[in-house]
Asker: 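Encoded as structure tokens, here's the structure I'll be asking about.
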Amino acid sequence: MLDPRLLRTQLDDVARRLARRGYTLNVAVIQDLENQRKSIQTDVQQLQARRNELAKKIGQAKAKKEDAADLMAEAGRLPELLKQQEAKLDAIQARLEELLLGVPNLPHESVPDGRDENDNREIRRWGEPPKFDFQPKDHVDVGARLGLEFDAAVKITGARFVVMEGALARLHRALIQFMLDLHAREHGYTEVYVPYMVNAASLRGTGQLPKFEADLFKVPRLVFDDAAAIEETQGKKIDSISAKVADRSFYLIPTAEVPVTNLVRDEILEAAALPRKFVCHTPCFRSEAGSYGKDTRGMIRQHQFEKVELVQIVRPQESYAALEQLTANAERVLQRLGLAYRVVALCTGDLGFAAAKTYDIEVWLPGQNRYREISSCSNFEDFQARRLQARWRNPASGKPELVHTLNGSGLAAGRTLVAILENFQDAQGHVVIPEVLRPYMGGLERLTPAG
RNA sequence: GGAGAGGUGGCCGAGUGGUUUAAGGCGGCGGUCUUGAAAACCGUUGACCCGCAAGGGUCCGGGGGUUCGAAUCCCUCCCUCUCCGCCA
């Protein structure tokens, strides 16, 4: 969420900066609501002040056993008036809040202008894409004889899930262990374990709700007000139930960013406690609504995948240095594995809703003959922190101020496995296991059909 | 699942209808004293909103109600803790 004060005082400027990312801010509507809010809020506050004053005088009069009939007569007329004005104010503020929650973050000035992913700017490359003296296969074909099974997953669940067996499953797990150890031991992150289901407030905090509910898997959990409400809902579809039923549904996390960043929701952190750096492995669940037909082959785009996530909570003035560090930490994984990659700065048009600046790390995939996203590292500045009410006590001002939040994959395990299968395959259809993973594999050097 | 007790500022904790701007303590900050530190003592210290300011308003888990007036009374939901049962 943007700073409401910024919208009040520099509305046109905000609109101009949002236009860079292709977002049209409805300036007229916001201005109009804002004017109404101001006048009604003033009204309400004057009525409240009068009510407080009268209540005090009545109390004093009664204590002295004096007659308070006149005062009580005036006070008796106030509640109805107040109630009306308060209702109006609530409605306007709710409308403003709703609008604000749907406004994306302002892009940082260093973000290149652009319309879509074609305008992203390459920052650097690392490593050389491997040369093959045979036609390299994609991971689906390489994995077919090594324990990568899509048909089994379709049977037990459906499309966009995968089953792995034997050494391949172990390699997948080894990747996760390796990443966790690297970030925890060498990069100074604290490992955390968190819930895989979260409440709506957490998703609102990190920005997935209210706008992107369709991307999430929801676990319905309804609470009924009374017996009549239970009866009313019998046999109805969940979506059609609303009256007398409170929605306390959980959601499967789309990324560890949600539970981990929400660790600091509603907290005021001491300056000495910053920066906080977390590394966390979780499964991620995404509905992939709207991506029909995209990446249907293989395990590039799944409803369920494993990821090791990096999250940093930092002082505002340090957040851009932290973004460089966090990105470098994620890159280190690929360097240790020996996988070629490049880093691109997303352009304004390709930026995610909550991000002020994002670097994507793209790994080389021989099966697709191009670089594919394997990590996305973002600085959200205070956009998430404001929704989260995540603050720190700034010694300079002595006041609680919003922190800056960052996160990035370090890395997506499924896609990293894909990269290993494709980059390290040989002519026999075997896959060489990167040396850094061998300690996690009982010394195994290659994946072979025998297992 | 059954029974009970609770949710008050960064933390602990008092407060059962009005003269309360939520007592007191801890922690934080400043000072006195000291070579320095500690201790002691003195002072100070909540968040948020509107406003150029003066000032005003909101907040005692959330929501609703009673009342001229609610931290306090009523309803409801959420959460925490204790005991019993069950359980990986």
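Everything numeric in this text was worked out from a predicted model, so none of it was measured. Letters A, B, ... mirror the listed sequences (proteins, then strands); counts begin at 1.
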Asker: Side chain of A/Ile58: nearest nucleotide among B/U66, B/G56, B/G18?
Answerer: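 Of the candidates, B/G18 comes closest.
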
Asker: Let me know, please, whether A/Leu54 or A/Lys83 comes out on the 5' side of the other along RNA chain B by nearest nucleotide.
Answerer: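 The residue mapped nearer the 5' terminus is A/Leu54.
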
Asker: Can you tell which of B/G10, B/G51, B/C68 lies closest to the side chain of A/Lys38?
Answerer: B/G51

Asker: Report which part of the nucleic acid A/Ala75 touches: base, sugar-phosphate, or nothing (heavy-atom distance under 4.0 Å, all strands).
Answerer: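 Since only primed, P, OP1 and OP2 atoms lie under 4.0 Å of A/Ala75, the category is sugar-phosphate.
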
Asker: Can you confirm whether the side chains of A/Gln325 and A/Gln312 place a donor and an acceptor under 3.5 Å from each other?
Answerer: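 The answer is yes; a qualifying pair exists.
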
Asker: Look at all strands and tell whether A/Arg50 reaches a base, only sugar-phosphate, or nothing, counting heavy atoms closer than 4.0 Å.
Answerer: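 No contact at all - A/Arg50 keeps every heavy atom at 4.0 Å or more from the nucleic acid.
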
Asker: When the nearest nucleotide of RNA chain B is assigned to A/Lys56 and to A/Asp90 on a heavy-atom basis, which residue is associated with the more 5' position?
Answerer: A/Lys56

Asker: Mind checking what makes ring pair (Phe, Tyr, Trp, His ring centres under 6.0 Å) contact with A/Phe383, not counting sequence neighbours?
Answerer: A/Phe353

Asker: Out of B/A47, B/C68, B/U58, which nucleotide sits closest to the side chain of A/Pro400?
Answerer: B/A47

Asker: Kindly point out which of B/G57, B/G69, B/C49 is positioned nearest to the side chain of A/Asn52?
Answerer: B/G57

Asker: Among the nucleotides B/G56, B/C68, B/U66, which one has an atom lying closest to any side-chain atom of A/Pro79?
Answerer: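 Selected nucleotide (nearest to the side chain): B/C68.
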
Asker: Let's see if you can work this out: which of B/C49, B/G57, B/C68 has an atom nearest to the side-chain heavy atoms of A/Gln41?
Answerer: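 Among B/C49, B/G57, B/C68, the one nearest the side chain of A/Gln41 is B/C49.
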
Asker: Using only heavy-atom distances, decide whether a donor-acceptor pair under 3.5 angstrom links the side-chain of A/Gln48 to the base of B/G57.
Answerer: no

Asker: Carefully, step by step, assess A/Glu318 and A/Arg315 under the rule salt bridge (charged side-chain N to carboxylate O under 4.0 Å, His left out).
Answerer: CA-CA 5 Å; A/Glu318 290 162 5; A/Arg315 298 180 176 89; 3.6 Å; yes

Asker: Between B/A47, B/G56, B/C49, which nucleotide has the shortest distance from any of its atoms to the side chain of A/Arg391?
Answerer: B/A47

Asker: Given ring-ring contact (aromatic ring centres under 6.0 Å, His included), test A/His281 with A/Tyr193 step by step and report yes or no.
Answerer: CA-CA 7 Å; A/His281 158 240; A/Tyr193 172 84; 9.3 Å; no

Asker: Determine: side-chain N/O of A/Arg5 to OP1/OP2 of B/C49, distance under 4.0 Å, yes or no.
Answerer: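 Checking B/C49 against A/Arg5, a side-chain N or O does come within under 4.0 Å of OP1 or OP2.
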
